[in-house]
Amino acid sequence: IDDKGNTTRDWIKLEAAVLSKKKLTKQEREIAITHTANILGRTFKELTDVYNDFATNKHPERLLEIVYWLGKLAIDEVVNNNKRTITFSPVLRERLGHHIHGERWANTIKETLKNNGLLSKPIHIISANMHSIMNTIYAPAVLKEVIPTNNIIDLAQELSLEKNSQYRKQVKSHALENGMYEIEDTSGIGLTVQVFDSAAFNKKTVSKSSFQNLPEEKAQKPIILVMDYAFGEQAFETMDELLKPLELDNESLPLNIQSISVMGKAGILKGRKGDIMIPDGHIFEGTADNYPFKNDLCSEDFSEIEGVVCDGPMITVLGTSLQNREILKFFFRSSWQVIGLEMEGAHYQKAIQAASKIRKSIKEDITVRYAYYASDNPMISGQTLASGSLGLVGVRPTYLITEKILNKIF
């Protein structure tokens with residue numbers, strides 16, 4: 001459709017070829033291919049090379065037909081407002097492993113906790129990467145001789161350098177000997193889990209901040225369960241299954257979950273790479289579904305840092321490739337006043353609210369913490385995902401958020 005609202009000459013010629021009742025001549029086919037190439041932004045040769053791959057005896061011009069009917073549906077959507085709904089049958093959902101893998105994954109975690117006598121202890125779940133919690137707890141004690149610094153961010157930046165891979169191995173080996181369990185995924189869900197038993201901490205094996213505020217009573221010393229990043233529907237499936245009681249030998253064994261923290265990276269709409277976002281609600285893209293919550297983290301927790309710390313709602317998007325500047329401007333400037341876009345928040349919160357408010361499998365006033373650091377600003381040239389990874393810029397906000405979450409837990 002051109003600027004005046006009319007269909008283009010290329011489209012009119014393609015439509016005439018496809019709707020023609022007579023068989024196309026070689027010349028007519030080549031003319032139609034030329035116009036189709038213009039529509040698709042491809043060369044005449046590219047379309048000619050694949051033309052016969054699409055053709056059948058009944059539909060020799062099938063490539064033209066496919067392009068035309070895709071375009072015709074799109075035009076109908078815009079001109080006549082004919083929207084399409086795509087649904088998936090329950091059978092297909094089951095075949096795709098809907099909650100089958102998540103249930104196996106969650107049961108493995110719960111059985112590991114039970115087998116190690118940890119199921120009844122206070123549990124704090126964190127969705128994060130597989131290095132920042134471990135490094136913040138153990139690295140200061142392990143590397144105090146080789147990297148003399150009390151600043152975890154400086155230490156983390158050193159650990160992130162490629163040349164210091166042996167130090168990363170040392171920290172992980174020390175962690176596994178002093179209270180950390182690693183549960184590799186065998187269910188097919190694809191998420192590794194780390195479990196930290198603070199009863200095994202002492203002032204020689206962990207950082208001072210991880211040890212000094214622990215309760216005296218061993219049964220009250222917290223368990224920290226760190227699950228790798230989940231995205232989209234996978235986030236709902238894993239959290240939904242994890243918050244259910246362990247069903248064992250006709251007995252229902254609930255988990256003593258005290259808090260759930262989500263640390264992620266997200267696109268920011270009013271800041272730059274490396275800035276921090278503290279949401280107070282998630283809006284699910286494509287719907288008006290919204291999940292407000294009381295965040296135990298707030299911008300004042302990060303008052304001492306340089307850079308932007310944003311408070312406000314965030315949008316849980318279906319995928320980064322589905323966004324464009326006009327959509328993002330709408331979310332940012334409309335009454336939604338969205339500060340950023342991420343891919344798991346609404347899914348996690350939906351599972352948390354189901355478990356705490358409806359199923360009652362965890363306490364109703366469960367503490368939740370959400371914090372994201374900006375991996376990109378999709379509205380600013382040079383600040384998008386295409387401009388490259390964060391590198392060392394990402395280390396600082398990652399460990400700032402990690403420290404705040406652990407301080408709240410301890």
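When reading the values below, keep in mind they use all heavy atoms of this one structure, side chains included, and skip hydrogens, waters and symmetry mates.
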*Who pairs with N82 by side chain to side chain contact (heavy atoms under 4.5 Å, CB included), at least two apart in sequence or on another chain?*
D76, N80
*asked:* Holding to side chain to side chain donor-acceptor pair (under 3.5 Å), I want the full list of residues that pass it with S252, two or more places apart in sequence or in another chain.
replied: E247
*Residue among F231, F236, F284 satisfying ring pair (Phe, Tyr, Trp, His ring centres under 6.0 Å) with H347*: F284
*E182/T192 under side-chain hydrogen bond (donor to acceptor under 3.5 Å, both in side chains): CA gap, chis, key distance, verdict*: CA-CA 7 Å; E182 189 164 75; T192 301; over 6 Å; no
*asked:* Is it true that T149 and N151 share a donor-acceptor pair across their side chains at a distance under 3.5 Å?
replied: no
*Got a sec, which residues hit salt bridge (Lys or Arg N to Asp or Glu O under 4.0 Å) with K110, two or more places apart in sequence or on another chain?*
none
*How about H131 and Y399: does a side-chain donor come under 3.5 Å of a side-chain acceptor?*
yes
*Measure from the side-chain N and O atoms of T112 to the backbone N and O of T108, and report whether any donor-acceptor pair falls under 3.5 Å.*
yes
*Mind checking what makes side chain to side chain contact (heavy atoms under 4.5 Å, CB included) contact with A128, not counting sequence neighbours?*
I126, V226, M263
*Are side-chain heavy atoms of D289 and I283 found at a separation under 4.5 Å?*
no
_Please check this pair: side chain of Q234 against backbone of I189, looking for a donor-acceptor N/O pair closer than 3.5 Å._
yes
*With side-chain contact (heavy atoms from CB on, under 4.5 Å) as the test, would you mind laying out the steps for D185 and V193 before giving the verdict?*
CA-CA 8 Å; D185 176 56; V193 168; over 6 Å; no
*Is K294 close to V368 at the side-chain level, that is, under 4.5 Å between some pair of heavy atoms?*
no
*Can a salt bridge be assigned to the pair D301 and K408 using a cut-off of 4.0 Å between side-chain N and carboxylate O?*
yes
*Residue pairs involving residues 152-194 (criterion ring pair (Phe, Tyr, Trp, His ring centres under 6.0 Å); sequence neighbours excluded)*: Y138-H174
*Between the side chain of R272 and the main-chain N/O of A374, is any donor-acceptor distance below 3.5 Å?*
no
*Do I125 and L243 come close enough that some side-chain heavy atom pair is under 4.5 Å?*
yes
*Taking side chain to side chain donor-acceptor pair (under 3.5 Å) as the test, write out the residues that go with T48, two or more places apart.*
none
*Can you name the salt bridge (Lys or Arg N to Asp or Glu O under 4.0 Å) partners of R42, sequence neighbours left out?*
E46
*With distance as the sole criterion, is a donor-acceptor pair present between the side chains of Q258 and T367 under 3.5 Å?*
no
_Salt-bridge present (E241, K244; N to O < 4.0 Å)_ = yes
*By ring-ring contact (aromatic ring centres under 6.0 Å, His included), which residues pair with H124, not counting sequence neighbours?*
none
*CA sep, side-chain torsions, deciding dist, call: K23, E28, salt bridge (Lys or Arg N to Asp or Glu O under 4.0 Å)*: CA-CA 9 Å; K23 187 177 180 181; E28 287 170 337; over 6 Å; no
*asked:* Restricting to salt bridge (Lys or Arg N to Asp or Glu O under 4.0 Å), what partner residues turn up for D3, sequence neighbours left out?
replied: none
_According to salt bridge (Lys or Arg N to Asp or Glu O under 4.0 Å), who are the partners of R29, at least two apart in sequence or on a separate chain?_
E61
*asked:* Going by side chain to side chain donor-acceptor pair (under 3.5 Å), name the residues that satisfy it together with K121, two or more places apart in sequence or in a different chain.
replied: D197
*asked:* Between T238 (side chain only) and A235 (backbone N and O only), is there a donor and an acceptor less than 3.5 Å apart?
replied: yes
*Within a strict 4.5 Å, meaning less than it, do heavy atoms of the S207 and T136 side chains meet?*
no
*Is there a donor-acceptor contact under 3.5 Å linking the side chains of S299 and D311?*
yes
*Is the number of heavy atoms from other residues, nucleotides or ligands within 6.0 Å of NZ (K172) greater than 12?*
no
*Would one find more than 12 heavy atoms of other residues, nucleotides or ligands at under 6.0 Å from atom NZ of K360?*
yes
*How about N150: does its CG atom have over 12 heavy atoms from other parts shown lying under 6.0 Å from it?*
no
_Under the rule for side chain to side chain donor-acceptor pair (under 3.5 Å), what residues qualify as partners of E304, not counting sequence neighbours?_
K404
_Donor-acceptor contact below 3.5 Å, side chain R359 vs main chain A354_ = no
*Is the closest side-chain donor-acceptor distance between R369 and S261 under 3.5 Å?*
yes
*Derivation of the side-chain hydrogen bond (donor to acceptor under 3.5 Å, both in side chains) call for T8 and D2*: CA-CA 6 Å; T8 61; D2 62 21; over 6 Å; no
*In terms of side-chain heavy atoms, does Y229 have a donor or acceptor partner in E344 at a distance below 3.5 Å?*
no
*asked:* Do M239 and M227 make a side-chain contact, defined as non-hydrogen atoms from C-beta onward lying under 4.5 Å apart?
replied: yes
_Check the orientation of H282 and Y370. Use parallel for under 30°, tilted for 30 to 60°, and perpendicular for over 60°._
perpendicular
*Any donor and acceptor pair, going by atom type alone, linking the side chain of T402 with main-chain N or O of T398 inside 3.5 Å?*
yes
*Side chains of Q170 and Q166: do they bring a donor and an acceptor to under 3.5 Å?*
no
*asked:* So does V206 get a backbone contact from the side chain of S210, meaning a donor-acceptor N/O pair under 3.5 Å?
replied: no
*Start with the C-alpha gap between N129 and S132, add the side-chain angles, then the distance that decides, and say whether side-chain hydrogen bond (donor to acceptor under 3.5 Å, both in side chains) holds.*
CA-CA 7 Å; N129 56 67; S132 65; 3.0 Å; yes
*Start with the C-alpha gap between Q353 and Y291, add the side-chain angles, then the distance that decides, and say whether side-chain hydrogen bond (donor to acceptor under 3.5 Å, both in side chains) holds.*
CA-CA 9 Å; Q353 288 179 195; Y291 300 89; over 6 Å; no
*asked:* Between D10 (side chain only) and I39 (backbone N and O only), is there a donor and an acceptor less than 3.5 Å apart?
replied: no
*K13 NZ: over 12 foreign heavy atoms closer than 6.0 Å*: no
*Where the side chain of N295 meets the backbone of P279, is there a donor-acceptor pair that is under 3.5 Å apart?*
yes
